[in-house]
Asks: 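Below is one structure. I have some questions about it.
Below, each value reflects all heavy atoms present in this structure, side chains not excepted, and no hydrogens, waters or symmetry copies.
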Amino acid sequence: MAKKFCTTGTCIPEKNYMVDLSNRIQLIINQYIKSGQYFTINRARQYGKTTLLYLLEKELRKQDYLVLSLSFEAADEYFESLGSLAEGLSLDIEECLREQNVDEKVLEEWNHSISERFPMRSLGTKISNLCRKCGKKVVLMIDEVDKSSDNQIFLSFLGLLREKYLKCQQGKDVTFYSVILAGVYDIKTLKLKLHPQEESKYNSPWNIAVDFNIEMSFSVSDIQTMIQEYEQEHRTGMDVKEISRILYDYTSGYPYLVSKICQLLDERVSDVQVWTREGILSAVKVLLKEPNTLFDDMTKKLLDHPQLKEMLQNILFAGVDFPFKRETPIIDLGVTFGFLKDKNGIVAVSNRIFETQLYDMFLSETAVNNQMYMKVSSDRNQFIVSGMLQMPLVMQKFYEYYEEIYSEKDQKFIEENGRKLFLLFLKPIINGTGNYYIEARTRDNKRTDIIIDYKGKQFVIELKIWRGNEYNQRARQQIFEYLDYYQKEEGYLLSFNFNKNKETGIKKIEYKGKHIIETVV
């Protein structure tokens, strides 16, 4: 059976093209398991946690550990009472023991019933007996552990693990050699209420865990291991290094996004030469157009956390630089969800795909009843001639529409909304065929570079607030430098000018064989 790219569930090396994680697995074993550490793997949704646990379990079994691999994915009924949790865990662990052919005597002792009066104590005794008599180091793994992490009963279970761990350190008990809990949220940050009326002010009983510092996003070389395997089987003639680099540029190594784009290239893209930059752009267009669980979850999270949504809008549209400090609750939340990252000490959106999705989401909310959006939507066909975007006409018409609709608006409104207005204008023109992204290296509250990819052709547009002639000359110089970088002959400059005696309009500026079309509104 031919291998496929996998974006749902666990990736199986025998069935799926996947990044070679063998070095990471061995690093986890050497750094954490062998020294008997308890730790949490907390990463954003669809970040490869379940696949990592599956591969880790396989390798640990080879190295003669007894692995108890559980999941709380569909275990809601476990948390109805301490008794149901103890009974449910006991049954799941029994299944793991049978699968690994544990000695019948050990299995028979494990099957002793749970005490109804003291279920956690009874479970603890069973754990001690198992670890004492099975003849192997026992590793407990629980996936989706935060599904019930706000539950008092769950915290009682963590308390049991903590108590046994501490007694084991003192030589008074025997328990799991290593415990791994995987989920989105860091269990170490949970608080415990002793009484319902009290604030959550006590540390989680999981404060015995060490920090997990293994990088789980994919590097360019990681992606290359997956693409190389595909190329060896399919002989497409692609440039494996270049394709891996472009995939990284768009995803920053977010595992689901890397695999999803590759899956679309393999199964869906057919309108262009597939394993090329143009093919990747085509796959990105499909990814951004169709619903998926990751983007659905993003929408829900932003509805639940309006402060985080406001921060993202300020970053994207107003160019606000927030200092990155993980201790800030709203920043920590954005990192936990996978939306934000640290970029040279400044908060940034974690990858280009998320950035474009967020722009599209926020612009769609603004587009409803927006006069400029409605106007350009009805006239968009004029901007495409012989199948190609006519960028000079885009700039010309933006100038005309802006003068007609927004020229009397005050400076504060335009400073806060200027780039949003241009993107609202641009969106219906390229929608369905082209993509755009914001060049993060240049985005601030004064200027932004927008890169449009339309059928493999790139257009570079700089947006800026007019800050005088000297600043404007520097902006022109910078865009000529960007044209060199992108190997383009033509660029575009859009300036929002608030001077009373401003000179608006469109002109062409030439320099060293290149030219820019400058629009001043």
Asks: Would you indicate whether Glu116, at its atom CD, is surrounded by more than 12 heavy atoms from other residues, nucleotides or ligands within a distance under 6.0 Å?
Replies: no
Asks: Inspect the contact between Arg24 and Asp222 and indicate whether a charged nitrogen and a carboxylate oxygen are less than 4.0 angstrom apart.
Replies: yes
Asks: What I want to check is whether the side chains of Ser71 and Glu144 have a donor and an acceptor closer together than 3.5 Å.
Replies: no
Asks: Just wondering, are more than 12 heavy atoms of other shown residues or ligands nearer than 6.0 Å to CD in Glu77?
Replies: yes
Asks: Give me the atom names and distance for the closest heavy-atom approach of Leu363 to Tyr436.
Replies: CD1-OH, 3.4 Å
Asks: Using every non-hydrogen atom in the two residues, find where Val220 and Ser244 come nearest and quote the distance to one decimal.
Replies: O-CB, 3.8 Å
Asks: Thinking salt bridges, do Lys49 and Asp143 make one under a 4.0 Å N-O criterion?
Replies: no
Asks: Could you check whether Ser84 and Ser81, counting side-chain N and O atoms only, form a donor-acceptor pair closer than 3.5 Å?
Replies: yes
Asks: Looking at Glu267, I want to see if its CD is surrounded by more than 12 non-hydrogen atoms of other residues, nucleotides or ligands under 6.0 Å.
Replies: yes
Asks: Under a 4.0 Å N-O cut-off, is there an ion pair linking Glu57 with Arg61?
Replies: yes
Asks: Among Phe157, Tyr185, Phe72, find the residue that satisfies the side chain to side chain contact (heavy atoms under 4.5 Å, CB included) test when tested with Val145.
Replies: Phe72
Asks: Indicate yes or no for a side-chain donor-acceptor contact from Thr328 to the backbone of Lys325 under 3.5 Å, with no hydrogens or angles considered.
Replies: yes
Asks: With a 4.0 Å cut-off on N to O distance, would you call Arg121 and Glu163 a salt bridge?
Replies: no
Asks: Regarding Lys3 and Glu229, does a basic nitrogen lie under 4.0 Å from an acidic carboxylate oxygen?
Replies: yes
Asks: Would you call Glu14-Lys58 a salt bridge at under 4.0 Å N-O?
Replies: yes
Asks: One thing to verify: whether Glu290 and Arg268 come together as a salt bridge, which I'm taking to mean a side-chain N less than 4.0 angstrom from a carboxylate O.
Replies: yes
Asks: Using a strict 4.0 Å threshold on nitrogen-to-oxygen distance, state whether Glu242 and Arg245 make a salt bridge.
Replies: yes
Asks: State whether Phe317 and Arg419 meet the cation-pi test: NZ (Lys) or CZ (Arg) under 6.0 Å from the six-membered ring centroid, and within 45° of the perpendicular axis.
Replies: no
Asks: Leu60 versus Met141: any side-chain heavy-atom pair under 4.5 Å?
Replies: yes
Asks: Step by step, work out the side-chain contact (heavy atoms from CB on, under 4.5 Å) result for Leu312 and Leu308.
Replies: CA-CA 6 Å; Leu312 285 163; Leu308 179 58; 4.3 Å; yes
Asks: If you compare all heavy atoms of Thr51 against all heavy atoms of Gly9, which two are closest, and at what distance to 0.1 Å?
Replies: OG1-O, 4.1 Å
Asks: Take the angle between the ring planes of Phe337 and His305 and call it parallel below 30°, perpendicular above 60°, tilted in between.
Replies: tilted
Asks: Could you tell me whether the side chains of Tyr17 and Asp266 share a donor-acceptor contact shorter than 3.5 Å?
Replies: no
Asks: Mind listing the closest non-hydrogen atom pair of Ile353 and Leu288 along with its distance?
Replies: O-CD2, 3.8 Å
Asks: How close do Ile12 and Met18 get, heavy atom to heavy atom, and via which atoms?
Replies: C-SD, 4.0 Å
Asks: Do Asn292 and Lys260 touch side chain to side chain, with heavy atoms closer than 4.5 Å?
Replies: no
Asks: Are there over 12 heavy-atom neighbours, none belonging to Gln26, within less than 6.0 Å of that residue's CD?
Replies: yes
Asks: For atom CD of Glu310, is the number of surrounding heavy atoms from other residues, nucleotides or ligands below 6.0 Å larger than 12?
Replies: no
Asks: Could you check Tyr254 against Phe218 for ring pair (Phe, Tyr, Trp, His ring centres under 6.0 Å), going step by step and ending with a plain yes or no?
Replies: CA-CA 7 Å; Tyr254 197 111; Phe218 298 156; 9.5 Å; no
Asks: Using ring pair (Phe, Tyr, Trp, His ring centres under 6.0 Å), reason through Tyr32 and Phe212 one step at a time and then give a plain yes or no.
Replies: CA-CA 8 Å; Tyr32 296 97; Phe212 180 73; 5.4 Å; yes
Asks: Do any N or O atoms from the side chain of Gln37 and from the backbone of Val210 form a donor-acceptor pair under 3.5 angstrom?
Replies: no
Asks: Are more than 12 heavy atoms from other residues, nucleotides or ligands located less than 6.0 Å from atom CD of Gln63?
Replies: yes
Asks: Verify the distance criterion only: is there a donor paired with an acceptor across the side chains of Asn30 and Lys34 at less than 3.5 Å?
Replies: yes
Asks: Classify the side-chain pair Asp173/Ser128 by whether it contains a donor and acceptor separated by less than 3.5 Å.
Replies: yes
Asks: Less than 4.0 angstrom from a charged side-chain N to a carboxylate O is my criterion; do Asp360 and Lys427 meet it?
Replies: yes
Asks: Throw together a table of side-chain donor-acceptor distances under 3.5 angstrom for residues 38-45, partners on residues two or more places apart or in other chains.
Replies:
residue : atom : partner : partner atom : Å
Tyr38   : OH   : Phe176  : O            : 2.7
Thr40   : OG1  : Trp206  : NE1          : 2.7
Arg43   : NH2  : Ile214  : O            : 2.9

Asks: Is Asp297 paired with Lys301 through a side-chain N to carboxylate O contact shorter than 4.0 Å?
Replies: yes
Asks: If I compare all heavy atoms of Lys164 with all of Gly124, which pair ends up nearest, and what's the gap?
Replies: NZ-O, 3.0 Å
Asks: Which of these, Leu70, Leu89, Ile180, sits in a side chain to side chain contact (heavy atoms under 4.5 Å, CB included) with Leu140?
Replies: Leu70
Asks: For the side chain of Glu231 and the backbone of Thr236, is there at least one donor-acceptor N/O pair under 3.5 Å apart?
Replies: yes
